[in-house]
Amino acid sequence: MVVKTPPMGWNSWNTFGPDINEEIVLKSIDTMVDTGLLEAGYDYIVIDDCWSLKERVDGKLVADPEKFPHGMKFVADYAHSKGLKFGMYSCAAHLTCASYPGSYDYEFVDAATFAEWGVDFLKYDYCFHPLSTEGHYLYKRMGLALANCGRDILFSACNWGVENVEEWIKTTGAHMWRSTGDINDTWESVKNLAMKQFPLQKYNGQGCFNDIDMLIVGMNGAGNVARDVEENGLCGYIEYKTHFSFWAMMNSPLMIGCDITKMDDNAKAILTNKDVIAINQDPAQRQPFEIYQRVHEKGKDVAKELCTIAKYLDNGDIAIGMFNFTDSKCRNYIDTDVLGLPITCGKTLELTELWTGEKIKIKDGIYKTLLEAHDCKIYRAKVVDI
Ligand code: GLA
C-alpha cells in the first residue's frame with residue numbers, strides 16, 4: 001500500500017479523550033457527510049485510545065460493550081456505508097497510554113482482528129514500550145503484521161518524534177509518523193510544534209508523512225486537550241487559520257480534532273477551504289523550503305518566527321506561506337529571485353491569497369506585506385510575464 005498524499009480525517013482524542021462511544025462516533029460519521037467534510041477530502045474516522053475492555057478475552061482485543069454495544073465491525077460497516085474509512089488505535093507496549101491493553105507480543109493477532117473488523121487505519125502509540133527493545137523493532141513488528149493481514153491498513157506511527165525516529169521510521173512500513181509531542185488547544189502549543197518542523201522536512205514525502213499532530217481548529221477551549229488555555233493563549237480565528245495553513249504547507253496529515261457535531265462557522269470555513277487543502281494534497285508532494293528573510297524586526301532576530309515557506313506545486317505554480325508567529329505586527333517579504341525567478345528572466349509571480357481571494361502581481365522582484373501578530377497569508381503563485 002502506497003500513500004501518495006497526507007491522510008485526512010477526524011480523530012476522537014482531542015475532544016473526547018477517554019469518553020468515546022458508539023453514539024459519538026456514528027454521529028460524527030453522519031456529520032462528516034452532512035457538513036461536506038468528506039467531500040472536502042476528510043475520509044478517515046479514527047477512534048483513539050480507551051475503546052476496549054481492560055483485559056483481553058481469549059487473547060484478543062474486545063471492544064467495551066458499554067461504549068460500543070454493537071462491536072467494532074458494526075461501526076466500521078457504518079463508516080464504510082457512508083463512504084468513509086475506519087481507523088483505530090493501539091500501542092507498541094503491553095498497555096496503551098491510558099492503560100488499556102496494547103499490542104506488544106500480540107501484533108499478528110491484533111492485526112488479524114483489525115482486518116476482520118474492517119479497519120483501514122491504525123494509530124500506534126509508544127507509552128510503556130519495553131525499554132529493552134529499540135523502537136524501530138517494535139514498529140517493524142506491527143508494520144509487518146499489518147502488511148500481512150490481508151487488508152490495506154494505513155500505519156500511523158506515534159512515538160512523538162523521540163529517539164531519532166525520522167532516521168528509521170521508513171524502514172518499518174509506517175505511512176505517517178508523529179514528529180511532535182501532543183498538541184494542546186493553545187497558541188503556544190501550535191507555535192512550539194511548528195517551530196520544530198523545519199529540520200525534519202527532508203524526511204517528509206510521499207509514502208510516509210511527517211505528522212505534526214491532530215488539528216485543534218474549532219475546539220475553542222473545550223475538550224480533552226484544552227489545557228492551560230488561559231495562560232498559553234486561547235486560539236481565535238487568526239490562530240486557527242495560521243495553524244491550518246502551516247500544517248497544509250508542511251504536507252502534514254490533516255486530522256480534525258474538534259467536535260464536528262458542534263463546529264462553528266469559522267472552523268468550518270477553515271477546515272473546508274478547498275484551495276488550502278489543494279496545497280496540502282498537491283500530487284507532487286514536494287519538500288517545502290524556507291525563504292531567506294531580509295529583515296529582523298527592530299534588530300531582534302525573529303527569522304524563524306517570522307517565516308516564509310515556499311513549495312513548488314505539480315502544475316508549475318508555487319505555494320507560498322507567510323507566517324508571523326511573533327506577538328507583534330511584522331513586515332514579511334517575498335523575493336522572487338530566491339524562488340528561481342531573477343529579474344532578468346522576464347517572468348514574475350501573480351499571487352492569489354487563499355483566505356481572501358486578493359490578487360497581486362509582484363513588481364521589481366520584491367513583495368512586502370504587513371502581518372498582524374499570529375497571522376499568516378497563504379498564496380498560490382502563478383509564473384507570468386513581467
Ligand atoms: C498519546 C498520543 C495522543 C493520544 C493519547 C491517547 O499521548 O500522543 O495522540 O493518542 O496518547 O492516550
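Both ligands and their constituent atoms are indexed starting at 1 by order of listing.
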Checklist entry - Between K123 and D49, does at least one N-O distance fall below 4.0 Å, as a salt bridge requires? => result no
Provide, to 0.1 Å, the distance between [atom] and the closest protein heavy atom, together with that atom's residue and name.
atom: atom 11 (O) of ligand 1; result: D125 OD2, 2.8 Å
atom: atom 9 (O) of ligand 1; result: K123 NZ, 2.7 Å
atom: atom 12 (O) of ligand 1; result: D49 OD2, 2.7 Å
atom: atom 4 (C) of ligand 1; result: D48 OD1, 3.5 Å

Next on the checklist: On a heavy-atom basis, I'd like to know which of D182, N159, V225 is closest to atom 8 (O) of ligand 1.
Outcome noted: D182
Next on the checklist: Test of understanding: given a 4.0 Å heavy-atom threshold, classify the contact between C127 and ligand 1 as side chain, backbone, both, or neither.
Outcome noted: neither
Ligand 1 atoms in contact with [X] (distance to a heavy atom under 4.0 Å):
X: C158; value: 2 (C), 8 (O)
X: C97; value: 1 (C), 11 (O), 12 (O)
X: R178; value: 8 (O), 9 (O)

Checklist entry - What do you reckon, does W13 have a nitrogen or oxygen under 3.5 Å from a nitrogen or oxygen of ligand 1? => result no
Item to check | Exercise: do Y100 and Y89 side chains pair donor with acceptor under 3.5 Å | outcome: no
Checklist entry - Side chains of Y203 and E167: is there a donor and an acceptor less than 3.5 Å apart? => result yes
Checklist entry - Checking R151 against F114: charged group under 6.0 Å from the ring centre and within 45 degrees of the axis? => result no
Item to check | Qualifying residues under salt bridge (charged side-chain N to carboxylate O under 4.0 Å, His left out), relative to D213, sequence neighbours excluded | outcome: R178
Next on the checklist: Would you say the ring centers of W51 and W117 fall short of 6.0 Å from each other?
Outcome noted: yes
Next on the checklist: How about NZ on K54, more than 12 heavy atoms from neighbouring residues, nucleotides or ligands closer than 6.0 Å, or not?
Outcome noted: yes
Could you pull out every donor-acceptor pair under 3.5 Å between side chains of residues 59-68 and any protein atom, sequence neighbours left out?
| residue | atom | partner | partner atom | Å |
| --- | --- | --- | --- | --- |
| D64 | OD1 | E66 | N | 2.8 |
| K67 | NZ | P18 | O | 3.3 |
| K67 | NZ | C50 | O | 2.6 |

Item to check | Residue-ligand contact Y89/ligand 1, heavy atom below 4.0 Å | outcome: yes
